[in-house]
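In what follows, every heavy atom counts, from backbone to side chain, and hydrogens, waters and symmetry copies are set aside. Labels below follow one simple rule: chain letters A, B, ... track the order of the sequence lines, proteins then strands, and each chain is numbered from 1.
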Amino acid sequence: MSETLPEEPTPLSESEIVAARRAKLKRFRDELGFEPYGQREDGLVALADARARFSEEAHVAYESAAKEAKAAAAAGGAVAPVADGRAQVKIAGRVVQHRDMGKLVFLFLRDATGDLQVSVSKSAVSAQAFELAKHADYGDILVAEGPIGRTNKGEVCVWASAVSLGAKSLAAPPEKWHGLSDPELRYRRRYVDMYANPETAKVFAMRARIISRIRRFMDARGYLEVETPVLQPIAGGAAARPFTTHHNALDMQLFMRIAPELYLKRCLVGGMRKVYEINRNYRNEGIDRSHNPEFTAMEVYEAFGDYGTMMELTESLIHDLAVSMVEERRAAGLRVEEKGPNGGPVLPWGDLAIDYAKPFVRVKFEDLFRRGAGCEMRDFKAVRAKARELGLHHEAKLDDWLVVNEVFEECAEPLIDPCRPTFVTDYPSAVSPLTRPHRDDPTLCGRWDIFIGGMEVGPAYTELNDPDIQLAKFTEQLKGADDEESTFRTLDEDFIEALRVGMPPAGGLGIGIDRLVMLLTDSASIRDVILFPLLRSMSAGGGAGAEHGE
RNA sequence: GAUUGCGUAGCUCAGUCGGUAGAGCAGCGGCCUUUUAAGCCGUAGGUCCUGGGUUCGAGUCCCAGCGCAAUCACCA
């Protein structure tokens, strides 16, 4: 048998598990007469709702009536129909447990609202339906109907009178007890993660409610939601590297937006007083626990407001969201912290218990600097000495204020209590080049950053609306651009023109929605709150690079 | 980009000093009408991430690569 076998054009051979499932699919269809991919079903009840319709009285009444009828029949009496006061339901869900007891099969179905047992007795359903239930696989989607009762052991269940297929699953299921725990597989096969790990689905349901509440909050305060371009000829509004793309018909290079800012400000020029956008931004930067190349932010601009207006807005919004999350946790029976020393709402985030009590902590950049560095930030000599002491060797090459900024990040930011949302206010103008300086002290500007749990959740600004100053600052920024930067950084002359038309003074705000959702849902990674985070593309077998070379 | 750790059956994981590749779940064939990770009997399932090296012999040691994670850097 050592002669070379003919080279077979091997189609990817499916695993035995998949082959077995295909065989079952065929059998269900050909022998049992079930359509393996289902059909429209009206009147389906969510599993949680079906469970809620269980009535102990109806169950007990039915059981005793059935027992009497059986006894009467055994004694040769007339067989009267048994009164059944139990709620009848039709449900659908994915099989996540399957116990075959011979002539009785217990299945657990799962949908987005939870799990519910279906008990299939050989005596209560057609022979075909019983075979289907007996040979159903983990991952199959089943439709069942019958009364809501419970088992002798007390498990609420649907006592099936009919069972059919919603969809045959051909994929090997994850481990039934541990679920899918490999983070890579959870992200790559999110559709499996979502049913195998109910916590995952819950996080995304919470995310949806959070964003919905944000909209209601903003709408109630009279902000108008607008949509601005993702495809932009000039990527402005932030200092990030953009993704590039191309429009064929116009033969035009385009950038994916890195921020909506410059368009939202045009809206203010046009006369909108209060606008917001919940938007996706795309930044061609690194990936880590708090960065995904595409992420959701909310930006807000309010004419005749300033960074203080935005502070009140942000504080109320985040506080209200935290209150509703505490209510959600309580309703879900999760642990809810007692009110903290500041009066809570308190939400867990990893090992932390974050207290969202109003007012949030407010601290001036300058004061926090003094506490952390032990010197005045304007005493550049002392600041530089501190920088050297911290081992910031490139200190000599930097401008005074950049050294201030580095020293601040090194020894002042760590002083911020991660368990209290904290506004750091009045940054030096020199490290916030596009922000409007204070009139009474131009070395400082109208900017704050909010930190929660050690993460920067967002900044706000008193926006610059003087077109000449804006132009000068843009131009200066362009001069400082390196070779790579200058390939995508261009002066947005139309934006300057818009400012010349006249933009009212304004407050502007940006909040990282993903990070906020992380905090509110106790998620450690941004990838846990983004359904389909960007992953490296799969190379078959994991070693394609070595095989094919480049 | 740097450092560290991990990569073994569909999934979750063991694998000792370098000496013939293991378990549980899932699968397949049986038994069972009250299970709660059901149980019992039987059975099948492997590119030990990829490539190279050391060795009589590599899942194990060494080198390179790929992927993931953590930390750091980057990220108005």
Report task. For A20(A), answer base if it contacts any base atom (sugar-phosphate contacts may also be present), sugar-phosphate if it contacts only those atoms, and nothing otherwise; contact means non-hydrogen atoms under 4.0 Å. Result -> sugar-phosphate
Query raised in the report: Are Y263(A) and P229(A) close enough that some pair of their side-chain heavy atoms sits under 4.5 Å apart?
Result: yes
Query raised in the report: Do Y427(A) and A76(B) share a donor-acceptor pair, side chain to base, under 3.5 Å?
Result: no
Query raised in the report: In terms of side-chain geometry, is the basic nitrogen of R283(A) or E294(A) positioned less than 4.0 Å from the acidic oxygen of its partner?
Result: no
Query raised in the report: So what does T435(A) hit on the nucleic acid, given a heavy-atom distance under 4.0 Å: a base, only sugar-phosphate, or nothing?
Result: nothing
**Report entry** Donor-acceptor pair (no angle test) under 3.5 Å: E175(A) side chain, G24(B) base
**Finding:** yes
Report task. Remember a base hit wins even if backbone is also touched, and classify Q97(A) as base, sugar-phosphate or nothing at under 4.0 Å, heavy atoms. Result -> sugar-phosphate
Report summary line: Closest of A37(B), U34(B), C28(B) to the W159(A) side chain is U34(B)
Query raised in the report: Are any of K176(A)'s side-chain N or O atoms less than 4.0 Å away from OP1 or OP2 of A26(B)?
Result: yes
Requested in this report: Classify the side chain of Q477(A) versus the base of A76(B) as yes if they form a donor-acceptor pair under 3.5 Å and no if they do not.
Outcome: no
Report summary line: Those residues at least two apart in sequence (or on a different chain) that pass side chain to side chain contact (heavy atoms under 4.5 Å, CB included) with P428(A) are F365(A), M377(A), W401(A), V431(A)
**Report entry** N/O (side chain, S121(A)) to phosphate O (OP1/OP2, U33(B)) under 4.0 Å
**Finding:** no
Report task. Give the rounded distance in Å between these two atoms: CD of Q470(A) and P of A76(B). Result -> 17 Å
Requested in this report: Ignoring backbone atoms, test whether R189(A) places a side-chain nitrogen or oxygen under 4.0 Å from the OP1 or OP2 oxygen of C11(B).
Outcome: no
Requested in this report: With C1' as the reference atom in both, quote the distance from C17(B) to C13(B) in angstrom, rounded to an integer.
Outcome: 23 Å
Query raised in the report: Is the backbone N or O of T309(A) less than 3.5 Å from a side-chain atom of D306(A), with the two atoms forming a donor-acceptor pair by type?
Result: yes
Query raised in the report: Below 4.0 angstrom from OP1 or OP2 of C13(B), is there any side-chain N or O of S181(A)?
Result: yes
Report task. Would you classify K24(A) as touching base, sugar-phosphate or nothing, given that sugar-phosphate means primed atoms plus P, OP1 and OP2, and contacts are heavy atoms under 4.0 Å? Result -> sugar-phosphate
Report task. Give a yes/no answer on whether the side chain of R21(A) brings an N or O atom under 4.0 Å of OP1 or OP2 in G10(B). Result -> no
